[in-house]
Amino acid sequence: MPDPAVPPTPPVALSALLAREDLGLRQIAGPKDTNTVIHWAHTSEMADPYPYLLGGELLLSAGVHIPEAAGSGSLGDYFDDYVSRIVAAGGAALGFGLAPVHDTVPRALVEACDTYGLPLLEVPPQTTFSGVARAVWQLMAQARHAELRRVTEAQQSLAAAASRPDPVRAVLRQLAQRIGGWAVLYGPEGAESASAGRTPDGQGPEAASAGRAAEATAAGRAAEIAAAGREPGDVVRGALAELAAVVRPSGPGTPTSATDTAAGTHLAAYALGAGQGFVLGVAAPHRDTGDHTIASVAAVLLSLLTGEHQSGSGAARSSALVRLLLGAEPEAVAPLLGSGGWLVVHGSPDAQPCDPVAAAALGAALGSPLVDLARDVVRVLVPADREPAPQPGWTLGVSAPATARDWPAADTQAARALSRARATRAPLHRHGTHRPTLTDLLSPGEAEAHARALLAPLTPPLAETLRTWLSLHGSWDRTAVALAVHRNTVRQRIARCAALLGTDLDDPDVRMELWFALRHGER
């Protein structure tokens, strides 16, 4: 799953649910593992719930599905199949409700849960399944609130650290404190430039077999260090350095972040800025849901702190802005920002509203500091030689390559590409490259005059609705999503368009003519 812009809803510890005295739940079978968590509660009386489970559920059942006429031997086989299917589907635990169907939990069910290692909870008669589900969501809401508060406090402290003397080390110290581990900044050549926090010792809570298995995937260098009999901390350092090399900019397709595990220690690496070569690495004995968000904020701040001093781009951008304000043409200013063509990217965050930190993070991920934060959309001006890639937590629309003189047209293309991406629920949509079509046979002047005359009765909102509706093959729902309006509003607008134009929009010839007119009218 893509990483969201804010921490996801944390799962609930089964022990926390058992501790709720108002529920009166009692575990009667299965491992009493304090690390067991549940992601949601689901009620089902199906004899085979496997097709309806996503994994991580607390499955609640009153035993309605249990066959009445089966003997004890048959019940043993029945419950063996039932529990094995729940485990195969990834179910986290099973809650069995007493009354009105069963006065006690069937012994064969208890034995099957013990056999397959599935926690079995006895739900007393006075506790409803909806009450259990509500308790799960309450615990999730409490955990999410605590995590969001933790992330917010971390963002504030990191921003304050960035304003102190020696800001790079101050940010690293604050990050290490917030994640309870080690933070290191690698330079363009891969050497440690600065670090803070507790040096990793490889003794995290998962340093057993699972940690050693994950270590094998971390890096060849880490494996060589371990084989040479070095300390676990050296294994972690080596693995983190190798992980940082993975995200260091080396060409198109290079990931901007990566995670791994070595010797029971969680590792993460984040590339800073576009082509700078700096990488932020973090190592911690555990990884909470908000740690990625906190580290991403630190990466954005460090990208800004290192980028301005490395390339002098800040002075160039300031000069470009001054010249634009003094009346210079865009094409005269563009060389100060970089060489070659440009792409305009419109980004819409999955979690609204967007804040300046998230906007800066998007610009850093796309490889450009030229970011404009609007009310609900972030616009980024990206050099054409940097191909934008989908970004977790964002929906993107990308224009065709354009020169500085064509930036306004490219901005319109990006906005419409974003609308298309929203409508199709795609993470990224690119404005189509031009290819010879039938419209190339028409005189541009005559085509534009025809378009103006044909579309004259329509107001801009109606014309935009009609264009989007036609581009989405007359889909009411997808057009409503693209325009962020109700589907009934789309129906009313299209009906108004048909009335003003005096035509039948169900006629494919009419649709084709209107589509051509709309395409020429937007040039």
Could you check if a side-chain atom of [X] sits within less than 4.5 angstrom of a side-chain atom of [Y], using non-hydrogen atoms only?
{"X": "Leu418", "Y": "Thr395", "result": "yes"}
{"X": "Pro285", "Y": "His266", "result": "no"}
{"X": "Leu272", "Y": "Leu280", "result": "yes"}
{"X": "Val345", "Y": "Leu366", "result": "yes"}
{"X": "Leu59", "Y": "Leu53", "result": "yes"}
{"X": "Leu172", "Y": "Ser195", "result": "no"}
{"X": "Val247", "Y": "Thr256", "result": "no"}
{"X": "Tyr116", "Y": "Ile86", "result": "no"}

Taking atom [atom1] of [X] and atom [atom2] of [Y], what is their separation to the nearest 0.5 Å?
{"X": "Leu343", "Y": "His431", "atom1": "CG", "atom2": "NE2", "result": "11.5 Å"}
{"X": "Arg198", "Y": "Ile179", "atom1": "CZ", "atom2": "CD1", "result": "10.0 Å"}
{"X": "Leu18", "Y": "Leu14", "atom1": "CG", "atom2": "CG", "result": "4.5 Å"}
{"X": "Glu57", "Y": "Ser44", "atom1": "CD", "atom2": "OG", "result": "10.0 Å"}
{"X": "Leu120", "Y": "Gln27", "atom1": "CG", "atom2": "CD", "result": "8.0 Å"}
{"X": "Leu483", "Y": "Thr489", "atom1": "CG", "atom2": "OG1", "result": "10.0 Å"}

Quick one: does [X]'s side chain have a donor or acceptor within less than 3.5 Å of a partner on [Y]'s backbone?
{"X": "Arg487", "Y": "Thr479", "result": "no"}
{"X": "Ser399", "Y": "Ala414", "result": "no"}
{"X": "Ser157", "Y": "Ala154", "result": "yes"}
{"X": "Gln174", "Y": "Leu158", "result": "no"}
{"X": "Gln177", "Y": "Leu175", "result": "no"}
{"X": "Ser303", "Y": "Ala299", "result": "no"}

Salt bridge between [X] and [Y], side-chain N to carboxylate O under 4.0 Å?
{"X": "Arg467", "Y": "Glu464", "answer": "yes"}
{"X": "Arg144", "Y": "Glu147", "answer": "no"}
{"X": "Arg430", "Y": "Glu387", "answer": "yes"}
{"X": "Arg416", "Y": "Asp411", "answer": "no"}

Looking at every heavy atom in both [X] and [Y], which two are closest together, and how far apart are they?
{"X": "Ala298", "Y": "Val171", "value": "CB-CG1, 4.2 Å"}
{"X": "Ser257", "Y": "Tyr270", "value": "CB-CD2, 3.8 Å"}
{"X": "Pro408", "Y": "Ala404", "value": "CD-O, 4.5 Å"}
{"X": "Arg379", "Y": "His346", "value": "CD-NE2, 3.3 Å"}
{"X": "Ala92", "Y": "Pro119", "value": "O-CD, 3.3 Å"}
{"X": "Ser193", "Y": "Gly187", "value": "CB-N, 4.2 Å"}

If the condition is side chain to side chain contact (heavy atoms under 4.5 Å, CB included), which residues does [X] pass it with, not counting sequence neighbours?
{"X": "Thr259", "answer": "Ala268, Arg287"}
{"X": "Pro390", "answer": "Pro427, Leu428"}
{"X": "Thr43", "answer": "Leu60, Phe129"}
{"X": "Arg173", "answer": "Arg169, Ala170, Ala196"}

Subject >> Partner set under ring-ring contact (aromatic ring centres under 6.0 Å, His included) for Tyr186, not counting sequence neighbours >> reply: none

Original post:
After noting the C-alpha distance and the side-chain angles of Leu267 and Val282, does the key distance pass the side-chain contact (heavy atoms from CB on, under 4.5 Å) rule?
Top reply: CA-CA 6 Å; Leu267 311 176; Val282 295; over 6 Å; no

**OP:** Decide side-chain contact (heavy atoms from CB on, under 4.5 Å) for Met140 and Ile38; before the verdict, give the C-alpha distance in whole Å, the side-chain angles of both, and the deciding distance to 0.1 Å.
**Re:** CA-CA 10 Å; Met140 284 185 174; Ile38 55 179; 5.8 Å; no

**OP:** Not counting sequence neighbours, which residues clear salt bridge (charged side-chain N to carboxylate O under 4.0 Å, His left out) with Arg420? List them please.
**Re:** none

Subject >> Greater than 12 external heavy atoms within 6.0 Å of Arg134's CZ >> reply: no

Subject >> Chi angles and distances behind the side-chain contact (heavy atoms from CB on, under 4.5 Å) call for Val12, Val37 >> reply: CA-CA 5 Å; Val12 172; Val37 296; over 6 Å; no

Subject >> Stepwise side-chain contact (heavy atoms from CB on, under 4.5 Å) test for Leu396 and Gln391 >> reply: CA-CA 8 Å; Leu396 303 180; Gln391 299 298 320; 4.0 Å; yes

Original post:
How far apart are the C-alpha atoms of Arg422 and Ser348, what are their side-chain angles, what is the distance that settles it, and do they pass the side chain to side chain donor-acceptor pair (under 3.5 Å) test?
Top reply: CA-CA 9 Å; Arg422 285 170 170 166; Ser348 174; 3.1 Å; yes

